[in-house]
Amino acid sequence: MYQWAVELIKKGKAYVDDLSMDEIREYRGTLTQPGKASPHRARSVEENLDLFARMRAGEFPDGAKTLRAKIDMAAGNLNLRDPVMYRIRHAAHHRTGDAWCIYPLYDWAHGQSDSIERVTHSLCTMEYEDHRPLYDWYLDALGIFHPRQIEFARLNLSHTVVSKRKLLQLVNEKIVAGWDDPRMPTLSGLRRRGFTPESIRDFCERIGVGKTQNLIELALLEHCVREDLNRRARRVMAVLRPLKVVIENYPAGQVEEIQAVNNPEDAAMGTRAVPFARELWIEQDDFRENPPPKYFRLSPGAEVRLRYAYIIKCTNVVKNDRGEIVQINCTYDPATRGGAADRKVKGTIHWVSAQHAHALQARLYDTLFLAPKPDEDENWQAQINPHSLERLTNCVGEPALANAAPGERFQFERTGYFCVDSDSTREQLVFNRTVSLRDTWAKVEKGF
RNA sequence: UGGGAGAUGGUGCAAUGGUAGCACGACUGACUCUGGAUCAGUUAAUCGUGGUUCGAAUCCACGUCUCCCAGCCA
């Protein structure tokens with residue numbers, strides 16, 4: 001690349017300039033007014049060659065001189081007003097160390113690097129459209145293999161930011177735990193969150209490619225994972241916010257093995273046994289002392305089916321001193337095991353046998369930003385969602401979960417898709433909620 | 001007279017002179033031991049004004065709006 005710069009000097013298409021950064025800016029003109037030529041623009045080829053060699057040799061301090069392309073100081077496109085190609089930086093490079101003290105600028109490096117690599121099509125985002133004439137100019141001036149740069153609109157996702165600089169800020173300011181924080185729209189973040197590669201590719205295919213400013217709804221990404229995970233994820237029962245249920249007429253000490261299917265979408269995934277006993281955990285959400293209309297779950301006097309097991313009826317609510325519900329007493333109907341019944345029950349809820357329960361943690365994620373377009377706000381950080389992460393530390397899961405490995409994905413029945421996080425230890429499994437299941441009841445209840 | 005790009009349902013992408021279509025969302029309903037999944041249906045769009053044409057989202061003219069550019073960042 002250095003040799004190419006020398007070549008441009010020899011062709012009279014580049015010159016060494018002594019102007020300071022501020023002076024260059026001043027000479028560049030404005031959007032509506034043309035710039036004016038630097039006093040050093042007319043230096044001879046010999047002088048330029050000499051000066052450039054001395055720049056490279058380290059004779060001048062940082063910022064003292066630059067190498068600029070000689071194009072057109074009156075161009076409407078500011079990128080063509082004699083852009084800087086090389087500047088002096090006495091700095092160590094992470095690969096070449098102290099070998100160089102002059103470094104090329106992006107525009108000068110871009111096309112030539114593509115050319116060396118024999119890239120045929122160089123894809124980038126729309127903001128580089130103004131740089132393409134320069135990209136082409138360098139390649140043409142050099143007469144080397146000419147790749148073609150094509151610009152496309154970047155993908156904007158709702159309720160997040162995708163700018164690398166903003167993402168970097170989130171990391172630096174510890175707003176997220178790192179680049180792979182499960183809330184980050186990075187590949188490592190999505191992966192840790194539990195998104196499958198297939199679902200991401202499917203998403204990319206569906207959103208297409210265009211040149212218009214866009215804002216893709218997060219709902220589409222979520223749809224893609226749900227669709228993929230629905231097909232592949234093992235179902236399992238886990239209770240996120242446990243509430244104790246005691247089945248009064250079930251023999252103490254008795255344990256039954258209940259068969260449960262691992263994936264209703266794929267019979268080949270088989271079945272497993274889930275232990276059932278007198279004391280169970282159910283979801284706090286699945287009981288209401290004063291149920292709203294159309295509430296199909298458990299409430300005083302009401303019946304509900306325990307998934308794969310029996311129909312139970314709530315007979316009594318036990319509260320503590322503060323009036324909080326701490327336990328539900330029920331009776332079960334022995335004739336209704338595994339779906340058998342002489343009557344219809346509207347609701348089916350998941351459960352975990354208390355004595356067999358495996359303790360686990362769950363991390364529930366919400367969008368990182370409250371507004372669909374946080375970028376629209378000058379102060380985009382004000383849109384950060386303070387509740388984008390909720391840690392639940394008292395969850396329980398069926399025994400089958402005990403030896404889940406990091407990265408493994410499950411569907412917790414009725415709640416969502418979860419992925420074992422890398423923070424998990426042998427004693428304590430941590431699950432990331434990839435995405436919740438579609439919850440039509442939540443929508444109905446919201447309407448009240 | 002700065003330069004460049006772009007405007008199609010709520011969202012994203014198609015249709016390049018010939019019935020504006022697909023997906024997501026939203027809303028109905030059916031079914032269901034996951035209020036999951038599935039199935040059926042409904043909703044809703046060509047930035048504006050002229051012009052060319054038998055016929056325009058598409059071609060032409062004028063206008064409107066949005067985005068990007070004044071780093072020795074990438």
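Keep in mind it's a predicted model, so treat the numbers as computed, not measured. Side-chain atoms are counted along with the backbone in the values below, which use heavy atoms only and exclude waters and symmetry mates.
In the interface, the side chain of A:R414 is not paired with the base of B:rG35 through any donor and acceptor atom under 3.5 Å apart. For B:rG6, the base has no donor-acceptor partner in the side chain of A:R154 [N/O atoms by modelled type, under 3.5 angstrom]. One cannot find a donor-acceptor pair under 3.5 Å joining the base of B:rG36 and the side-chain atoms of A:Q411. Looking at A:E265, its side chain comes within 3.5 Å of the base of B:rG36 through a donor and an acceptor atom. Taking 3.5 Å as the limit, the base of B:rG3 and the side chain of A:D130 contain a donor-acceptor pair of atoms between them.
Remark: the separation of the C1' atoms in B:rU8 and B:rA30 is 34 Å, to the nearest Å. For B:rA44 and B:rC27, the P atoms lie 16 Å apart once the distance is rounded to whole Å. B:rG12 and B:rA70 have their C1' atoms separated by 34 Å, with the value rounded to a whole Å. Separation of the P atoms belonging to B:rG2 and B:rU19 is 42 Å when rounded to the nearest angstrom. Nucleotides B:rC73 and B:rC59 are separated by 42 Å at their P atoms, to the nearest Å. To the nearest whole angstrom, the two C1' atoms, one in B:rC13 and one in B:rG51, are 30 Å apart. B:rA57 and B:rG18 are spaced 10 Å apart, taking the P atom of each and rounding to whole Å. Rounded to whole Å, the separation between the P atoms of B:rA15 and B:rC47 comes to 15 Å.
Distance CG (A:L437) to C1' (B:rU38): 14 Å, rounded to an integer number of Å. A:N79 has its CG atom 15 Å from the P atom of B:rC68, to the nearest Å. Going from atom CD1 of A:I216 over to atom C1' of B:rC13 covers 9 Å, rounded to whole Å. With rounding to whole Å, A:H223 atom NE2 is found 12 Å from B:rC22 atom C1'. If you take CZ of A:R305 and C1' of B:rU32, they are 13 Å apart, rounded to a whole angstrom. When rounded to the nearest whole Å, the span between CD1 of A:I24 and P of B:rC72 equals 6 Å. Regarding A:R89, its CZ atom lies at a distance of 14 Å from the P atom of B:rG71, rounded to whole Å. What separates NE2 of A:H159 from C1' of B:rG12 is a distance of 15 Å, to the nearest Å.
A:P133 has its side chain out of reach of A:N79: every pair of non-hydrogen atoms, C-beta onward, lies at least 4.5 Å apart. A 4.5 Å side-chain heavy-atom check between A:R409 and A:C419 finds at least one atom pair inside the cut-off. For the pair A:W380/A:V161, a side-chain contact is recorded, criterion being any heavy-atom separation below 4.5 Å from C-beta on.
A:V209 comes within 4.0 angstrom of the backbone, heavy atoms only, and of no base. Using a 4.0 Å heavy-atom distance criterion, A:Q33 is classed as making no nucleic acid contact. A:E127 comes within 4.0 angstrom of sugar-phosphate atoms only, judged by non-hydrogen atoms across all strands, and of no base. Among the protein residues, A:L105 comes within range of the sugar-phosphate backbone only, with heavy atoms under 4.0 Å from sugar or phosphate atoms but none that close to a base. At the heavy-atom level, A:Y86 lies nowhere under 4.0 Å from the strands shown. Nucleic acid contact for A:H110: none, since no nucleic acid atom lies under 4.0 Å from a heavy atom of the residue. A:E217 comes within 4.0 angstrom of a base, heavy atoms only. Contact annotation for A:Y295: base contact, defined as any heavy-atom pair under 4.0 Å involving a base atom. Counting non-hydrogen atoms under 4.0 angstrom, A:I102 reaches nothing in the nucleic acid. Looking at heavy-atom distances under 4.0 Å, A:M21 makes contact with a base. Across all strands shown, A:T336 has no heavy atoms under 4.0 Å from either base or sugar-phosphate atoms.
For B:rA70, the OP1/OP2 oxygens have no side-chain nitrogen or oxygen of A:R81 closer than 4.0 Å. Taking only side-chain nitrogens and oxygens, A:R226 never comes nearer than 4.0 Å to OP1 or OP2 of B:rG36. For the pair A:R307 and B:rU32, the criterion of a side-chain N or O lying under 4.0 Å from OP1 or OP2 is not met. The side chain of A:R25 places an N or O atom within less than 4.0 Å of a non-bridging phosphate oxygen (OP1 or OP2) of B:rG71. Considering only side-chain N and O atoms, A:T440 lies under 4.0 angstrom from the phosphate OP1 or OP2 of B:rG36. An OP1 or OP2 oxygen of B:rC13 is reached within less than 4.0 angstrom by a side-chain nitrogen or oxygen of A:T212. When the side-chain nitrogen and oxygen atoms of A:R206 are compared with OP1 and OP2 of B:rU11, none of them lie within a distance under 4.0 Å. Applying the 4.0 Å criterion to OP1 and OP2 of B:rG71, one finds that A:R28 has a side-chain N or O inside that range. OP1 or OP2 of B:rC33 has at least one side-chain nitrogen or oxygen of A:K344 nearer than 4.0 Å. Phosphate proximity of B:rC27 to A:K443: present, with a side-chain N or O under 4.0 Å from OP1 or OP2.
The side-chain tip of A:R307 does not point at the ring of A:W351 from less than 6.0 angstrom away and within 45° of straight on.
In this structure B:rG12 sits in the anti conformation; its chi angle is more than 90° from 0.
Annotated stems with RNA chain B as a participant read B:2-7 with B:64-69, B:10-13 with B:21-24, B:26-30 with B:38-42, B:47-51 with B:59-63, given as range with range, by first number; only runs of 3 or more Watson-Crick or G-U pairs under 3.5 Å qualify.
Annotation: of the two residues near RNA chain B, A:L220 and A:Y106, the 5′-most nearest-nucleotide partner is A:L220. Nearest-nucleotide mapping onto RNA chain B: of A:A442 and A:K65, the residue sitting toward the 5' end is A:A442.
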task = For the pair A:R241 and A:E283, evaluate salt bridge (charged side-chain N to carboxylate O under 4.0 Å, His left out) and give the outcome as yes or no after the intermediate values.
result = CA-CA 5 Å; A:R241 297 177 179 86; A:E283 209 72 62; 5.2 Å; no
ask   = Run the side chain to side chain donor-acceptor pair (under 3.5 Å) check on A:Y135 and A:D114 step by step: do they pass?
value = CA-CA 10 Å; A:Y135 182 100; A:D114 286 349; 2.8 Å; yes
query = Please walk me through it: do A:H356 and A:E398 pass side chain to side chain donor-acceptor pair (under 3.5 Å)?
reply = CA-CA 7 Å; A:H356 304 93; A:E398 62 175 87; over 6 Å; no
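In the set B:rC69, B:rU34, B:rC72, B:rC69 carries the atom at the smallest distance from any side-chain atom of A:L78.
Judged purely by distance below 3.5 Å, without hydrogens or angles, the side chains of A:Q381 and A:E173 pair a donor atom with an acceptor atom. There is a side-chain donor-acceptor pair under 3.5 Å between A:S388 and A:R183.
Residue A:W441 holds its CH2 atom at 7.0 Å from CZ of A:R297, rounded to the nearest 0.5 Å. Annotation: the span from A:R193 atom CZ to A:R363 atom CZ amounts to 12.5 Å, rounded to 0.5 Å.
A:F412 meets the ring-ring contact (aromatic ring centres under 6.0 Å, His included) test with A:F418, A:F431; sequence neighbours excluded.
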